[in-house]
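Note that the structure is predicted; figures quoted are calculated from it, not measured. Computed from heavy atoms alone, side chains included, the values below leave out hydrogens, waters and symmetry copies.
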Amino acid sequence: MARSNATGTPSKDKGKGGLAPLSLIFSDNHILPSLFGEQDSHLRRIEQDLGVTIASRGNQLAIEGRPESQLTTKQILESLYNRLAKGQMVTMADVETALRMSRPSDNKPSRGQVAIRTKRKVIEPQSPTQVSYIQALQSAELVFGIGPAGTGKTYLAVASAVESLLNGAVSRLILSRPAVEAGERLGFLPGDLRDKIDPYLRPLFDALYDMLPPDQITRRLESGEIEIAPLAFMRGRTLANSVIILDEAQNTTPSQMKMFLTRLGENSRMIITGDPSQIDLPNGTQSGLHDALDAIGQSDRLQSPKSHMANQIRIIRFEAGDIVRHRLVTEIVMAYEERDAARQGRQG
């Protein structure tokens with residue numbers, strides 16, 4: 001646990017395993033309560049994750065633990081302190097992000113080096129996989145974001161699309177979902193078309209309102225710059241000069257997915273997101289997402305390093321450790337994954 005008012009001289013005393021604690025001194029006492037968190041909750045979370053002990057004495061911290069964990073703790077605390085020094089807030093979510101970004105990965109640019117900029121906010125990656133995802137969104141023509149709920153797949157896809165619309169790279173943003181719960185037969189629902197499709201597209205609307213002022217969304221919807229429609233409405237169209245997002249793609253059939261993929265027109269990009277563990281299709285119906293990933297993965301034409309299209313298709317796979325919602329969501333997803341793996345092992 002984090003301790004306040006520690007005695008002694010931390011930089012000289014021996015700590016865990018006979019190793020000297022790592023001393024860290026901050027110059028501005030006024031922002032330290034925000035750094036430490038209520039009742040030192042931020043420090044306790046870092047201790048729990050990294051296996052260190054952090055003792056505070058005034059504006060000085062002593063970090064005990066393995067040398068690599070001490071260094072990681074120091075880097076995290078300095079990063080969070082710098083956010084506070086710039087006038088930004090530090091919440092438990094920021095602590096969780098800093099911990100995720102500190103874990104071993106091949107993707108090590110800082111959060112500020114990879115970002116998406118929209119009218120309302122600058123969105124920085126909150127996990128190493130999100131770094132890869134944003135880089136793919138900014139460079140490839142077809143991107144698959146695959147993984148569990150809460151990893152930011154849809155949110156970052158919408159943010160990237162809005163950024164492209166705002167900077168003039170494309171003239172339209174098209175957001176789509178399969179309305180699988182109603183079998184894409186929406187007529188029995190009350191209200192006009194907008195009322196009928198709202199329940200299935202609400203998550204896309206929510207992300208949009210996080211990126212753009214409401215009056216701009218209304219104006220762009222009316223002008224057709226932003227279009228939100230069920231997947232069934234895509235048939236027969238060629239979508240040029242656009243960013244096209246298909247969300248909840250695990251609930252497409254193979255024929256629907258093929259139809260969607262072949263809508264891609266000139267100067268357009270497609271982003272396909274889905275969670276293969278949450279398929280709502282009738283039993284025995286193959287998922288179009290599985291089918292598309294299988295077809296692309298087995299295609300020498302698309303996967304060969306010699307193909308000029310190889311770098312234009314990116315498949316980014318998120319895992320439970322990339323979940324950026326409440327920590328309990330991560331534990332729940334992992335519990336399901338462990339249970340399902342055990343079942344498969346017994347069946348095998």
Side-chain angles (χ1 to χ4, degrees), residues 1-6 10-11 13 15-17 19-115 121-134 150-152 318-331:
M1 292 292 188
R3 301 189 298 274
S4 299
N5 301 318
S11 60
D13 295 342
K16 291 182 177 180
L19 298 173
L22 179 64
S23 180
L24 191 56
I25 300 174
F26 298 103
S27 59
D28 188 348
N29 284 356
H30 295 93
I31 62 177
L32 292 187
S34 297
L35 176 65
F36 295 173
E38 186 175 353
Q39 297 183 338
D40 289 351
S41 58
H42 295 169
L43 299 186
R44 288 200 301 271
R45 178 68 188 107
I46 294 170
E47 288 179 325
Q48 179 188 41
D49 194 271
L50 296 178
V52 297
T53 300
I54 306 172
S56 63
R57 184 183 183 185
N59 67 338
Q60 185 173 17
L61 293 181
I63 305 165
E64 297 180 5
R66 298 189 309 271
E68 61 273 19
S69 298
Q70 288 180 322
L71 182 58
T72 300
T73 301
K74 175 179 180 291
Q75 292 170 340
I76 288 174
L77 289 170
E78 287 179 337
S79 173
L80 296 174
Y81 177 85
N82 289 335
R83 285 178 63 86
L84 289 166
K86 294 175 183 177
Q88 299 174 308
M89 294 179 59
V90 167
T91 66
M92 185 60 77
D94 296 306
V95 176
E96 295 289 351
T97 295
L99 288 168
R100 278 191 298 272
M101 295 297 289
S102 72
R103 290 167 191 149
S105 171
D106 294 332
N107 310 302
K108 279 301 184 182
S110 69
R111 296 175 71 197
Q113 289 179 290
V114 178
K121 59 170 61 177
V122 175
I123 299 144
E124 297 178 336
Q126 298 184 47
S127 74
T129 308
Q130 284 194 1
V131 172
S132 293
Y133 190 47
I134 292 176
T151 50
F318 293 86
E319 298 178 351
D322 296 305
I323 292 174
V324 295
R325 292 178 184 168
H326 193 286
R327 277 189 295 128
L328 188 56
V329 176
T330 303
E331 298 300 323

(message) Nearest 0.5 angstrom please: L71 CG to I63 CD1, how far?
(response) 9.0 Å
(request) Nearest 0.5 Å please: distance from the OG atom of S69 over to the CD1 atom of I46. (result) 12.0 Å
(request) Compute whether any side-chain donor of one residue and acceptor of the other, for S41 and R44, lie under 3.5 angstrom apart. (result) no
(request) Provide the closest heavy-atom pair for P125 versus M101 in the form atom of the first, atom of the second, distance. (result) O-SD, 4.2 Å
(message) Could you go through V90 and H42, starting from their C-alpha distance and side-chain angles, then the distance that decides it, and tell me whether this counts as side-chain contact (heavy atoms from CB on, under 4.5 Å)?
(response) CA-CA 9 Å; V90 167; H42 295 169; 4.0 Å; yes
(request) Apply side-chain contact (heavy atoms from CB on, under 4.5 Å) to M89 and S34, showing your working. (result) CA-CA 8 Å; M89 294 179 59; S34 297; over 6 Å; no
(message) Using only atom types and a distance under 3.5 Å, with no angle test, would you say the side chain of Q60 pairs donor to acceptor with the backbone of S23?
(response) no
(request) List for me each residue that meets side-chain hydrogen bond (donor to acceptor under 3.5 Å, both in side chains) alongside E78, sequence neighbours excluded, and say none if there are none. (result) K74
(request) Give a yes-or-no answer on whether the side chains of S79 and N82 include a donor-acceptor pair shorter than 3.5 Å. (result) no
(request) State, to 0.1 Å, how close Q126 and T97 come at their nearest heavy-atom pair, and which atoms those are. (result) OE1-OG1, 3.2 Å
(message) For E68, I'd like to know if atom CD has over 12 heavy atoms of other residues, nucleotides or ligands within 6.0 Å.
(response) yes
(request) For side-chain contact (heavy atoms from CB on, under 4.5 Å), just list the numbers for L61 and L77, CA-CA rounded to whole Å, side-chain angles, deciding distance to a tenth of an Å, and then say yes or no. (result) CA-CA 10 Å; L61 293 181; L77 289 170; 3.6 Å; yes
(message) So, taking the atom named CZ in R100 and the one named OG1 in T129, what distance separates them when rounded to the nearest 0.5 Å?
(response) 10.0 Å
(request) Enter the distance from L50:CG to I76:CD1 here, rounded to the nearest 0.5 Å. (result) 5.0 Å
(request) Identify the two heavy atoms, one from D322 and one from S127, that lie closest to each other, and give their separation to 0.1 Å. (result) OD1-OG, 3.4 Å
(request) Tell me, please, which residues at least two apart from F26 pass ring-ring contact (aromatic ring centres under 6.0 Å, His included). (result) Y81
(message) Once rounded to the nearest 0.5 Å, what's the spacing between atom OG1 of T91 and atom CG of L80?
(response) 9.5 Å
(message) Once rounded to the nearest 0.5 Å, what's the spacing between atom CD of Q75 and atom OG1 of T73?
(response) 9.0 Å
(message) I'd like to know whether D28 forms a side-chain contact (heavy atoms from CB on, under 4.5 Å) with L84, so could you lay out the CA-CA distance, the side-chain angles of the two residues, the decisive distance to 0.1 Å, and finally the verdict.
(response) CA-CA 10 Å; D28 188 348; L84 289 166; over 6 Å; no
(message) For the backbone of T151 and the side chain of Q130, can you confirm whether one donor and one acceptor N or O come within less than 3.5 Å of each other?
(response) yes
